[in-house]
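We count ligands from 1, going down the list as the structure has it; atoms in each ligand are counted the same way.
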Amino acid sequence: MEQKRPLIISGPCSAESREQVLSTAQALAATGKVDVLRAGIWKPRTKPGNFEGYGITALPWLAEAREITGLPITTEVANAKHVEDASKFDLDMFWVGARTVSNPFSMQEVAEALRGTDKMVYVKNPVSADIDLWVGGVERLMACGIKNIGLIHRGFSGYGAGDLRNAPMWHLALEMRRRMPDLPMICDPSHICGNRQYIQDIAQQAADLGYDGFMIESHICPEKALSDSKQQLTPEDFAKVIENIKWRAEKSDSESFQNAILGLREQIDSLDRQILQLIAQRMNVAEKIGRIKRENNVRILQTIRWESIAERTLARSASLGLSVEFLQTLLDAIHVESINHQNKIMKE
Ligand code: PEP
Ligand code: MN
């Protein structure tokens, strides 16, 4: 069966100058791997004092990039004024950012400003792992008569997420897909990763899960980027990432049974990855405890503490729907591994 062509959106995190936008756009267009050019014009920054985008000044740069490359253009809109300004330049597509989707008032304002548009509007997942908020964002757009809606999975923020900037929590994105099966869902590996070295791997995971495309940040000179410098790719590296992605064909003999199995297996794989990640994180914490114990000359095994953990966990066996036997085995394995990690620390 023929592979459905994925949508590829790329461009800088922020439009920083006419030259930066045009040179990035031309280099991207030359790769032949981009369908839509992106650039942030209004940047929602976590802290004040950081580069917040050039606003309406930058819109002509994007329009010129479209003229030169022939590629459609898109930007993030976060309030009614943004939509009004962007409309003056007839942007081809919009996206609503994670922070805006997190705020129902803002989401409502944007939906009303976009009322009746036939342009494609992509909705990023909210910052927190709250599927209903994501669904709510889409519903607000639908209620304003917007028919062409897509989803962007950019990961969820959390304290100490590990190597990645935003935890992908693939199972949540898959749940969103299950709830809104008619909407295309693309992946934004740039904001999931926060660092360009992980992008290929995350993009492949998304491809394996059957996403409909990607939004990937690229910059003519990532080191000089005024925002998200570490995660942006040069147009050349972006092209390599796209080229290296293995697109797996959808099964042609797909009975509904087959599809159901596939969807469930994807959830299993994603959950397994998360379980291992969490166990690794747990071992990290155990090592920190090991260090404190060593510094204070306290022995590793704290029987009472461990007994209370085991008791608490086993008591949850019924509500978790897991057998006591299984929980016991699992806890023992975790405990042994944890002690081994602490032992290693003690010997250091
Ligand atoms: C962006 O796309 O540059 C952006 C700000 O993304 P997010 O809303 O996912 O943080
Ligand atoms: Mn960005």
Side-chain angles (χ1 to χ4, degrees), residues 7-16 20-21 24 28 34 36-48 50-55 58-59 61-62 73-79 82-83 86 91 93-104 106-107 110 120-130 133-134 137-138 141 150-158 161 164-169 172-173 176 185-196 198-199 202-203 206 211 213-234 238:
L7 175 79
I8 311 284
I9 304 173
S10 189
C13 177
S14 306
E16 299 168 1
Q20 174 250 8
V21 171
T24 307
L28 282 172
V34 186
V36 181
L37 289 172
R38 68 151 276 160
I41 302 293
W42 299 279
K43 299 304 299 175
R45 304 312 300 275
T46 304
K47 289 186 179 165
N50 288 330
F51 175 66
E52 291 185 337
Y54 281 109
L59 280 168
W61 307 337
L62 255 187
I73 51 176
T74 183
T75 199
E76 172 178 347
V77 284
N79 61 35
H82 296 166
V83 175
L91 265 75
M93 188 190 273
F94 302 98
W95 86 83
V96 188
R99 291 159 191 79
T100 308
V101 182
S102 301
N103 180 341
S106 303
M107 192 61 228
V110 170
M120 191 77 194
V121 181
Y122 273 91
V123 183
K124 288 203 173 192
N125 67 256
V127 174
S128 59
D130 185 341
L133 205 48
W134 199 359
V138 171
L141 292 175
L151 304 166
I152 302 179
H153 173 213
R154 51 78 78 194
F156 302 88
S157 72
L164 301 174
R165 175 175 173 186
N166 290 296
M169 301 197 185
L172 291 187
M176 185 63 178
M185 183 186 285
I186 66 173
C187 178
D188 172 348
S190 306
H191 289 88
I192 289 178
C193 295
N195 188 318
R196 61 183 78 85
Y198 306 120
I199 289 181
I202 292 293
Y211 279 59
F214 291 106
M215 179 189 259
I216 297 180
E217 287 184 343
S218 52
H219 190 291
I220 197 69
C221 184
E223 297 72 38
K224 294 204 177 130
L226 300 180
S227 60
D228 291 350
S229 164
K230 285 205 299 250
Q231 72 195 31
Q232 301 203 59
L233 296 166
T234 61
F238 153 80

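Summarising the geometry of Glu223 relative to Ser229, their closest heavy-atom pair is O-OG, 3.7 Å, with the distance given to 0.1 Å.
Residue-to-ligand polar distances place Lys124 within reach of ligand 1: an N/O pair is separated by less than 3.5 Å. The N/O atoms of Asp228, backbone and side chain alike, include none that comes under 3.5 Å of an N/O atom in ligand 1.
One finds the CZ atom of Arg196 at 9.0 Å from the CD atom of Gln231 (value rounded to the nearest 0.5 Å). Note that CG of Leu7 and CZ of Phe214 are 11.0 Å apart. Values are rounded to the nearest 0.5 Å.
Under a 3.5 Å cut-off, the side chain of Asn166 and the backbone N or O of His191 do form a donor-acceptor pair. With hydrogens and angles ignored, the 3.5 Å screen pairs a side-chain donor or acceptor of Trp134 with a backbone N or O of Val123.
Residue contacts with ligand 1 include Arg38, since one of its heavy atoms falls under 4.0 Å from the ligand. Residue contacts with ligand 1: Gly40 is excluded, as none of its non-hydrogen atoms falls under 4.0 Å.
Taking every heavy atom of Gly97 and a limit of under 4.0 angstrom, the matching atoms of ligand 1 come to 8 (O). Near Cys13, the atoms of ligand 1 lying under 4.0 angstrom from a non-hydrogen atom of the residue are 3 (O). Close approach to Lys43 involves these atoms of ligand 1, each under 4.0 Å from a residue heavy atom: 1 (C), 3 (O), 5 (C).
Closest protein heavy atom to atom 5 (C) of ligand 1: Glu76 OE1, 3.6 Å. Here the heavy atom of the protein found nearest to atom 4 (C) of ligand 1 is His191 NE2, 3.4 Å. Closest to atom 9 (O) of ligand 1, if we only count protein heavy atoms, is Arg154 NE, 2.6 Å. Of the protein's non-hydrogen atoms, the one nearest atom 8 (O) of ligand 1 is Ala98 N, 2.9 Å.
Restricting His191 to its N, O or S atoms, the one at the least distance from the Mn ion (ligand 2) is NE2. No other N/O/S atom of Asp228 lies as close to the Mn ion (ligand 2) as OD2 does. Checked against the Mn ion (ligand 2), the N, O or S atom of Glu217 at the shortest distance is OE2.
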TODO: Determine, stepwise, if the pair Met176 / Asn125 fulfils side chain to side chain contact (heavy atoms under 4.5 Å, CB included).
DONE: CA-CA 9 Å; Met176 185 63 178; Asn125 67 256; over 6 Å; no
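Taking the six-membered ring for Trp and thresholds of 30 and 60 degrees, His82 and Trp42 have nearly parallel ring planes, at less than 30 degrees apart.
In the model, Ser106 has no side-chain atom that pairs as donor or acceptor with a side-chain atom of Thr100 under 3.5 Å.
Salt bridge status for Arg38 with Glu76: absent, with no side-chain N to carboxylate O gap under 4.0 Å.
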